[in-house]
There are 4 protein chains.
Amino acid sequence: MPAVNSQPRRAHSGNRRDEAARLAVLHAADDLLVEHGFGALTIEAIARRAGVAKQTIYRWWPSKVEILLDTLIEDSDKRLSVPTEHPTAETIRDYLRGFARFLGDDPAGKVLLALIAEAQHDPATAASFHQRYLGPRREQERDLIARAIDAGEVSPRLGPDDTIDALVGPIVYRALTGSSIPHELVDTLVEDLLRPRSA
Amino acid sequence: MPAVNSQPRRAHSGNRRDEAARLAVLHAADDLLVEHGFGALTIEAIARRAGVAKQTIYRWWPSKVEILLDTLIEDSDKRLSVPTEHPTAETIRDYLRGFARFLGDDPAGKVLLALIAEAQHDPATAASFHQRYLGPRREQERDLIARAIDAGEVSPRLGPDDTIDALVGPIVYRALTGSSIPHELVDTLVEDLLRPRSA
Amino acid sequence: MPAVNSQPRRAHSGNRRDEAARLAVLHAADDLLVEHGFGALTIEAIARRAGVAKQTIYRWWPSKVEILLDTLIEDSDKRLSVPTEHPTAETIRDYLRGFARFLGDDPAGKVLLALIAEAQHDPATAASFHQRYLGPRREQERDLIARAIDAGEVSPRLGPDDTIDALVGPIVYRALTGSSIPHELVDTLVEDLLRPRSA
Amino acid sequence: MPAVNSQPRRAHSGNRRDEAARLAVLHAADDLLVEHGFGALTIEAIARRAGVAKQTIYRWWPSKVEILLDTLIEDSDKRLSVPTEHPTAETIRDYLRGFARFLGDDPAGKVLLALIAEAQHDPATAASFHQRYLGPRREQERDLIARAIDAGEVSPRLGPDDTIDALVGPIVYRALTGSSIPHELVDTLVEDLLRPRSA
DNA sequence: GAATAAGCGAGACGGTACGTCTCGTCTTACT
DNA sequence: AGTAAGACGAGACGTACCGTCTCGCTTATTC
């Protein structure tokens, strides 16, 4: 019986990693998180949803956190890039508004919140999350602020990291407590912290 | 440490709720969280550590989150009370400094962070956490700000909730990302947000 | 709604071992072995079939072999008891005929064969099988032969263990190779080995 | 130890079946069985040990049982041939002694026991084992007995198959139960069963 | 002062997910 | 065409907790 099955199931990629399986896992994880929350995000559920064997997940990811990090980094690069040119107060304000929208409306924002949360529960998650996501992004944000200062566009009284946390902190905290983030809040933060009276 | 009667295990209280068991559970939960993290905080581990039957826990608490909430509320009332008199900018600054210390150094601060985190993972936790902790505390904080404004001590450009989140957000975010919170950050937030130039 | 469900599920026995679960496991194991062979005899399949949690099996049995041993010992005591009185050549012959029937026709005989087999694959099985089944049974058989000799009923040229193995070996070997065991074979063995010419 | 070409891993043969791979698999299977028992005899372990790809095994053998059968048949032909000339009672006795030694001391004896065992667990093994090993060997043994009877050397009261099983059964059973097989046992079986008093 | 009722330690139970292992199939790249 | 390599879907392994349950005991409170 020489294989006359009409649908060839999936064109298994042989020796190399199966890109279709990789994407199926990332999407399954994302969907499950958004639809049923982090509690429903088990490796078994992801495998089931993705139509993939558990071992395929364990072969490529050490934990479900790394799966989420993969999706977050991809989505984040796509839809929340740190501006690299023309750093003015407005540029920064627009970036923060985009960040607020990302956290509130984008499914990937839920992933970010879940990772912030899981990092509290598990030190390994914290380490990976800082190294792979928070660190690099902070690097870019520091650069943004530094260039805006150099150009005389803004003059915060705090150091770069303190400034960024003062701007980003309220937005994240609002998202964590399930509240909306109005433009007014973001705008006033930018005005009061980046262009204070005494400057 | 009362009731150190060595002989007959524990003199157990018969008909009424056993206060010793209640305290043992609260302390066990606290200790486990601080020592081994939220991941190690299972009902079975709490029962084991507290020397209590699982059923005794389930009889009085619907979930481990409620145990943590109980400890948090007690500790929070004791060591982080919202000031009720003399509302000045300094009062508010000191409260925020105390909050930063609570989050950074106090074991109970770890409980608060864990609950913020768990609230992201589970809607029931979020509801209970808001209703039993965040809501009441926010009420007091709103009152604090309102009285300070009335007394002409501060004049924030944002509404009360926005103002509080703008002050508290950075502190929480710093704690969530494992960074320290210097006085300078808190002080500058108070100055820039509560006494802005245009006021 | 104070529990008006008509079937009370199962009257869980509380603190004590649940006899119904124990029997369900034994029967499930027996059934699966007979119906689908040793290969289908997994702990998961037994649990599924018995309507029992896996952990309930692991709590009481260290391996599936011990489950089979439990069923074998119970069935064996019931349907293949070594005769304890009137030891004559005919008694022995009847016992061996019973043994042949047990191996060939009784489901429990399949269990015995499976355990002989598994003992070849796994030393732990071998140890347990000898200690719990083969040893005690051999003790009784030795006693049977010894009393028959004392009474002058039989006079084998071999020692007790050699004699028993010479009688039992062909029966077991026949069963292992899937052949039938005619009375003639058993009878001739008894005649030639227990009442040899030179005695 | 042939083929110790140290340099380019193995000079692998391209188009034709690789004899070195075939032998490596057979030896690996044999070694693993003797060293770690049937439980450790997985296809993956054989491939690992033989330094061969799994697929190479699956291409040539339908199951690990067939690998064992290949080794058993080769070893059995070499070291346990059924005598073809001078069939006397002594010839038969010596053959049985050799069989006992094979089962007890020869590594290939462990293979035979493992296959007898596995045949209990899996019908496909049973079929193959009977067809490729037990059947042909029984054919030769029947012939041996028949010629001995024709020559008047022995006169068993049982038919050929019953006689052979009566002789072989105890030896196999002893091996299966891990006991030694003394010459005395073999000799007495031959005497009592092949030259009974009434013949 | 006996009966009742509730809390308690203990732990069995049916489940679900964990992370690991091996199965047998497959595809690729090399010889 | 045979091979080494190894990814893949499948599913069992033995463990840890989940939340529910029943037991046997202890200790007030009630009749």
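As a basis for the values below, the full set of heavy atoms in this structure was taken, side chains included, without hydrogen atoms, waters or symmetry mates. Protein chains get the first letters and strands the later ones, always in sequence-line order, with residue 1 at the start of each. These numbers come from a predicted model, not from an experiment.
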[N], OP1 or OP2 - any side-chain N/O from [X] closer than 4.0 Å?
| X | N | value |
| --- | --- | --- |
| A:R16 | F:dG6 | no |
| C:T56 | E:dA12 | no |
| B:R22 | E:dG7 | no |
| C:W60 | E:dA12 | no |

With respect to the side chain of [X], which nucleotide from [options] is positioned closest?
| X | options | value |
| --- | --- | --- |
| B:E44 | F:dC18, E:dC13, E:dT22 | F:dC18 |
| B:Y58 | F:dA4, F:dG14, F:dG19 | F:dG19 |
| D:Q55 | E:dG9, E:dT25, F:dA7 | E:dT25 |

Between C:R48 and A:A53, which has a closest nucleotide on DNA chain F that is more 5'?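 Between the two, 5'-proximity favours A:A53.
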Suppose the criterion is side-chain hydrogen bond (donor to acceptor under 3.5 Å, both in side chains): which pairs have a residue in residues 56-65 of chain A, not counting sequence neighbours?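 Applying side-chain hydrogen bond (donor to acceptor under 3.5 Å, both in side chains) to every pair that reaches into residues 56-65 of chain A, excluding sequence neighbours, yields A:W61-A:D70.
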Find the distance [X]:[atom1] to [N]:[atom2] and express it as a whole number of Å.
| X | N | atom1 | atom2 | value |
| --- | --- | --- | --- | --- |
| C:E19 | E:dA12 | CD | C1' | 14 Å |
| A:D18 | E:dT28 | CG | P | 11 Å |
| D:I46 | E:dC21 | CD1 | C1' | 16 Å |
| A:I57 | E:dA17 | CD1 | C1' | 13 Å |
| B:H36 | F:dC17 | NE2 | P | 12 Å |
| B:K64 | F:dA16 | NZ | C1' | 12 Å |
| B:R49 | F:dC17 | CZ | P | 14 Å |
| D:I43 | E:dG24 | CD1 | P | 6 Å |

I want to confirm an ordering. Mapping A:A45 and B:R59 to their closest nucleotides on DNA chain E, which one lands closer to the 5' end?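 Whichever sits nearer the 5' end wins; that is B:R59.
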Which comes earlier along DNA chain E counting from the 5' end, the contact point of A:L41 or that of D:L41, where each point is its nearest nucleotide?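 Of the two residues, A:L41 wins.
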Can a donor-acceptor pair under 3.5 Å be found between the side-chain atoms of A:K54 and the base atoms of E:dG19?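 Between E:dG19 and A:K54, which were checked side chain against base, a qualifying N/O pair under 3.5 Å is present.
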How many angstroms lie between CD1 in C:I67 and CD1 in C:I46, if you round to the nearest 0.5 Å?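 Nearest 0.5 Å value for the CD1-CD1 distance: 4.0 Å.
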Could you check if a side-chain atom of C:Q120 sits within less than 4.5 angstrom of a side-chain atom of D:K110, using non-hydrogen atoms only?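 C:Q120 vs D:K110: side chains apart.
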Heavy-atom count around C:Q131 CD within 6.0 Å, excluding the residue itself: above 12?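 Open.
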As a quick check of understanding, evaluate side-chain contact (heavy atoms from CB on, under 4.5 Å) for C:R132 and C:L72, giving each step before the final call. CA-CA 10 Å; C:R132 296 190 57 201; C:L72 175 60; over 6 Å; no
